[in-house]
Amino acid sequence: MDYQFREIEQKWQKYWADNQSFKAEANSDKPKYYVLDMFPYPSGAGLHVGHPLGYIASDIFSRYKRLKGYNVLHPMGYDSFGLPAEQYAIQTGQHPAVTTETNINTYRRQLDQIGFSFDWSREVRTSDPAYYKWTQWIFMQLFNSWYNLETDKAEPISTLIHKFNEAGSADVKAAKDEDTRTFLPTDWATFSEEEKQVELLKYRLTYLKESTVNWCPALGTVLANDEVKDGFSERGGFPVEQKKMMQWSMRITAYADRLLQGLDTIDWPEPMKEMQRNWIGKSVGASVKFKILTPTLSEGEGASNYGYETADPLLWEILKTNARVNRGNQTDAEDALWQELRNSKTGHKVRRQHPIGTYIADFICLNKRLIIEVDGGYHLENQENDKARTDALNQLGFEVIRFTNEEVLSNLKTVVTQIKLELDSRPDAKSTASNSLSFGEGQGEAYIEVFTTRVDTIFGVSYLVLAPEHEWVAELTTPEQKADIENYILQTKKKSELDRMADAKTVSGAFTGTYVVNPVSGERVQLWIADYVLAGYGTGAVMGVPSGDQRDWLFATHFNLPIIQILDAQKDIDVQADPTKEGKYINSGFINGMEYKEAVAFLNQWLEDQGVGKAKVNFRQRDAIFGRQRYWGEPIPVYFKNGLPYLLKEEELPLVLPEIDKYLPTETGEPPLGRAEDWKYEDRYEYELSTMPGWAGSSWYWYRYMDAQNNSEFASKEAVDYWKDVDLYIGGSEHATGHLLYSRFWNKFLKDLGFVQEEEPFKKLINQGMIQGRSNFVYRVVDEEGRGTNTLVSAGLRKDYKTIALHVDVNIVENDVLDIEKFKAWRDEFANAEFILENGKYICGVEVEKMSKSKFNVVNPDVLIAQYGADTLRMYEMFLGPLEQSKPWNTNGIEGVFKFLRKFWRLFHNEAWEFTVSDAEPTKAELKALHKIIKKVQDDVERFSFNTSVSSFMIAVNELTDLKCNKKAILQDLVVVLAPYAPHICEELWSLLGNKDLSTAQYPVFNPNYLVEDEFAYPISINGKMKMNLNLSLTLEAKEAEEAVLANEQVQGFLNGAAPKKIIFVKGKIVNIVV
RNA sequence: GCUGAAGUGGUGGAACUGGUAGACACGCAGGACUUAAAAUCCUGUGCCCUCAACAGGCGUGCGGGUUCGAUUCCCGCCUUCAGUACCA
């Protein structure tokens, strides 16, 4: 019989399903191999021809590995929570679960007919309660954990509570919120239950916090940063605004360093790793504090309302913030002393980190007008600063006493006694404080902190810049500059609404009128605002070093600010900046003469000693917002008591999505879950109404496949210990900073708690390229008035006419030739169209675009399978080009692959299409052809070069056809080698050859002896130009070969009497004669 | 701008470690079979000069270099695609 692909494919697809041919064994003596595809979101449109590309590659690989004796796990499932089903539900009222089910059925049908070797007994669906029970369970583990920076891993929250009980919070090194409190074990004991929970929430790996979120009013939900593109939602393109909300977040930043380091241990494409590195955005540098010089106030201004709040009113907000940060960053000495002074232990009320004038006092007793300062070492600069400070504070009517860190730590008792004596001996002041405040210009302690990666250039600072959105801008603007600054801020806001990218190169900014002091040089520099500084990165403030940074150089040049050379190696800084790190420092105070490395180390140390900065690592990545105000997602297993979140009990999982009447927010603006009736925990407490984001379910699904039916664990320990990790993961590069990053994060977390074994989940990753659409066009002739006529002109002749291009359905075009009859039937308006042909054909124009319905360039795999069969489709998709390369889909050429399969089928059949094979001994040539392909396919598959093996199959079949080979000994092995690519035809032939179950066959063993040759047709080249071939024995060594070559008449002819200077002979490769 | 990948016939692409550039396939041209078409089979097909050649020249984005020999290695430039961005 001729090659009847329809019957063959249906027959074997049924056989595989009935026999569960591809079920992975739970335990096996064979080595394990885990091949994973990124599971699809089942959209209503079904699969187009681009979707299966990666699945075909992974299927070939899985089938190949099975033949090579591996116990292969190759599962498939559905990422079935998501926005489109919910949008559809809003429009039609149909429950998303129903839509999802329908779509999954379409996907399953389409996948089945391509003949994939998935183990469907392990299918997962993220929207199935039996699945999301475990997504919720992982959420609970995260809630119950904190990140210990000392052990560098996540630990149960109980170990944190233990630390609080034993030693308080001072020594805890954790990834946490900024506003945690410092307390003693005795304080912890006195905290109420609510206070404890509030404090613990600041440490948990998933936590509730007021954050600025990307709120999309049109979608009624919060979006992650990677779901927002240029201020619009990725899905739908609706405007997105910033809004403050209480939100669940995941403390992924705790893992930033490990996520970065892990990249060096995995076999992923370099661009993927690079994208993750950029996303995490680690910068090593320093933070430096620049003191703010108080702007001069006009008379009469000032703040009498501040009462005992003794701070300079203008700087009050800033000082308050600084003070709060300082309280969280107490030195050991300050902390020790505070424990002795607090709660009026001395008999006097003492405050710490209290703003006073333009300073922050370490400790202060307002009633006694006494300030107690604890300092670092005795640097000369320090003493000078301290003196200035003391003088200023004295002027405000305060006495200052100072102790060093050392004194406090080694002699705490004496220090405390001294303070007590001083306090007791002083008269009460009875608040007259603020009257004596002066607002003259003076050296203050209010500061702006900047982050820099080039701390070595700090002596070259000629100005400071704040982001226009920086919260202190208003405070720091002098009355004279107020108009300028407000105007600039207004422009910035307008600009961000328009296209900010467009004028990225224009320099703009405004001077605040305020000056700050460079801590290393004491120089006074101007404080500006400019929109090139981003509020969201670092501290929202940068230092400007025009000689070393081109952007700063442009800014300084534009606003006529000084440009200071700082390295002797800097060149042409009057023309542009020179960011070199070479040479020795000049104009740089105490680092003059140093080189880069030395200067950085010295400065970091110096800044820290002075308390005005320190080495710092900054990350671009922020914690991941975890809540979505949507219906179709996993409910968060949390309820609220007295406004605080509590977890459900484990045995109460899953918390199932409740039914609601409409899939919209409530009238009061609550998420859709607010509509659920009688939905309360223990009938009393409110559940969390947000659901989890799309990436929750996909961040651990590969573990569920290991043990998909387990009801008591997310996967059994035995299963996880056996399968461990994914050996090969194939999917699109669009998931680089979403799914792939979150999955690595959850995996590391699960490993820390001992639930899984591997630090990294996906050992090897391959990105299949995007399949683009290839649109075809017809050209309608337009008359003088620009109206379309009824005449269409072929692409090659269109330049002679005035035309407009129209998309035409690619399915009625073959090899760019339009099927005119089908075209006339396609649209009524074309029924009577006339055609101007070239060479009797209508040739269509071509353009590469995104594959989409509106462009009529969608090719449905169903159509191709009906016409050519699944085996042809599989091989053709591979034949198209390298897997990782993006390319337009083009059905031209699928015939060639189909012809190949028929030719292959033909090898097993005689002229009358009867199955006939011979038992004769194979010849040397036949064995050579076979073993060449055995080796080639093996090499190609191992390096994921599937397109080249398809070519090689064609060569092998062409060779065997030429040899008229129908010998069973050859063909049987060939069937096994081809089986991963074209499984149906091979399974049929395998069974016709008298075997059973190709999936249990062995890949043939390559025998190099069959490829050994005695002779080789050496290319003979003269001066590197190939001239001719010459057959020589492969046993010949250089000398004999040279003689043989020179003796050849034809070679002599090419030499034409010239004497060879040199002869290069590479055995088995080439002979090159140099004349 | 930065980062990454890539530029090879009419087209998709091959050449894996510096050793015969263009495998394999599409398309195209010619032929066989056929009343005819489809299907199938055979032959040719990088470009230029040439009636033709088993004659010569040019050819892997461009310009240089290393080498007996470069699509492959090095330097500079151009173009395309992807990601990312006033990231301090």
Side-chain angles (χ1 to χ4, degrees), chain A residues 2 269-275 277-279 281-283 285 450-454 457 465 467 500-501 503-508 530-534 536-545 548-552 554-555 618-620 733-734 736-737 767 769-770 772 815-817 839 846 848 876 879-882 884-897 899-900 902-903 906 936 939-940 943 945 947-958 1017-1029 1050 1060-1066 1068-1075:
Chain A
D2 198 351
E270 201 48 45
M272 285 284 109
K273 293 190 184 184
E274 204 54 32
M275 269 190 249
R277 283 191 196 107
N278 289 339
W279 187 259
K282 181 178 183 172
S283 321
V450 303
F451 176 73
T452 175
T453 53
R454 287 295 301 273
T457 64
V465 195
R500 247 179 101 166
M501 319 280 280
D503 43 33
K505 286 191 180 78
T506 30
V507 177
S508 69
D531 64 1
Y532 79 80
V533 179
L534 307 175
Y537 184 74
T539 55
V542 302
M543 59 189 213
V545 185
D549 181 290
Q550 183 59 21
R551 202 187 36 208
D552 293 350
L554 289 170
F555 193 84
N618 211 22
F619 290 96
R620 194 190 83 111
S733 59
E734 66 273 21
T737 52
N767 295 124
M770 272 257 287
Q772 294 141 299
N815 285 324
D816 299 330
V817 177
N839 304 323
V846 174
V848 173
Y876 183 62
F879 189 54
L880 226 41
E884 306 186 25
Q885 200 172 303
S886 282
K887 56 226 155 199
W889 177 265
N890 186 348
T891 311
N892 301 350
I894 194 167
E895 291 273 354
V897 173
K899 276 193 250 176
F900 155 74
R902 261 188 105 215
K903 207 167 173 182
R906 186 95 235 187
K936 175 72 175 159
D939 292 350
D940 284 351
R943 65 193 171 101
S945 175
N947 56 324
T948 50
S949 25
V950 176
S951 299
S952 307
F953 281 126
M954 292 174 173
I955 295 169
V957 167
N958 289 345
Y1018 278 95
I1020 311 294
S1021 53
I1022 294 173
N1023 289 339
K1025 297 265 180 220
M1026 218 286 277
K1027 295 291 177 186
M1028 56 175 283
N1029 285 98
Q1050 218 182 331
K1061 278 188 201 145
K1062 193 173 166 189
I1063 298 179
I1064 313 286
F1065 174 80
V1066 184
K1069 294 260 165 143
I1070 201 165
V1071 180
N1072 189 17
I1073 304 170
V1074 190
V1075 293

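All heavy atoms count here, side chains included; hydrogens, waters and symmetry mates do not. In what follows, every chain begins at residue 1, and chains take the letters A, B, ... in the order their sequences are listed.
Scored by the salt bridge (Lys or Arg N to Asp or Glu O under 4.0 Å) test, A:K903 finds no partners at all (sequence neighbours excluded). By the side chain to side chain donor-acceptor pair (under 3.5 Å) test, A:E274 pairs with A:R277, sequence neighbours left out.
For RNA chain B, runs of at least 3 consecutive pairs of the Watson-Crick or G-U wobble type, with both hydrogen-bonding distances under 3.5 angstrom, map to B:1-7 with B:78-84, B:10-12 with B:24-26, B:27-32 with B:40-45, B:46-48 with B:56-58, B:61-65 with B:73-77.
Taking only side-chain nitrogens and oxygens, A:N958 comes nearer than 4.0 Å to OP1 or OP2 of B:A25. Dashed line: the shortest gap from a side-chain N or O of A:Q885 to OP1 or OP2 of B:G13 is under 4.0 Å.
Side-chain contact between A:R902 and A:D2 is present, with heavy atoms from C-beta onward closer than 4.5 Å. Proximity of A:I1064 to A:I1070: side-chain heavy atoms (C-beta onward) are nowhere separated by under 4.5 Å.
On the C1' atoms, B:C42 is 11 Å away from B:C33, given to the nearest whole Å. A distance of about 15 Å separates the P atoms of B:U8 and B:A15, rounded to the whole Å.
A side-chain donor-acceptor contact under 3.5 Å links A:N1072 to the backbone of A:G1024.
Classification of the A:F1065-A:Y1018 ring pair by plane angle, with boundaries at 30° and 60°, yields tilted.
Residue-level contact check: A:L880 touches the backbone only, with heavy atoms under 4.0 Å from sugar-phosphate atoms and none from bases. At a threshold of 4.0 angstrom between heavy atoms, the contacts of A:K282 with the nucleic acid are absent.
To the nearest angstrom, C1' of B:U84 lies 10 Å from CD of A:E274.
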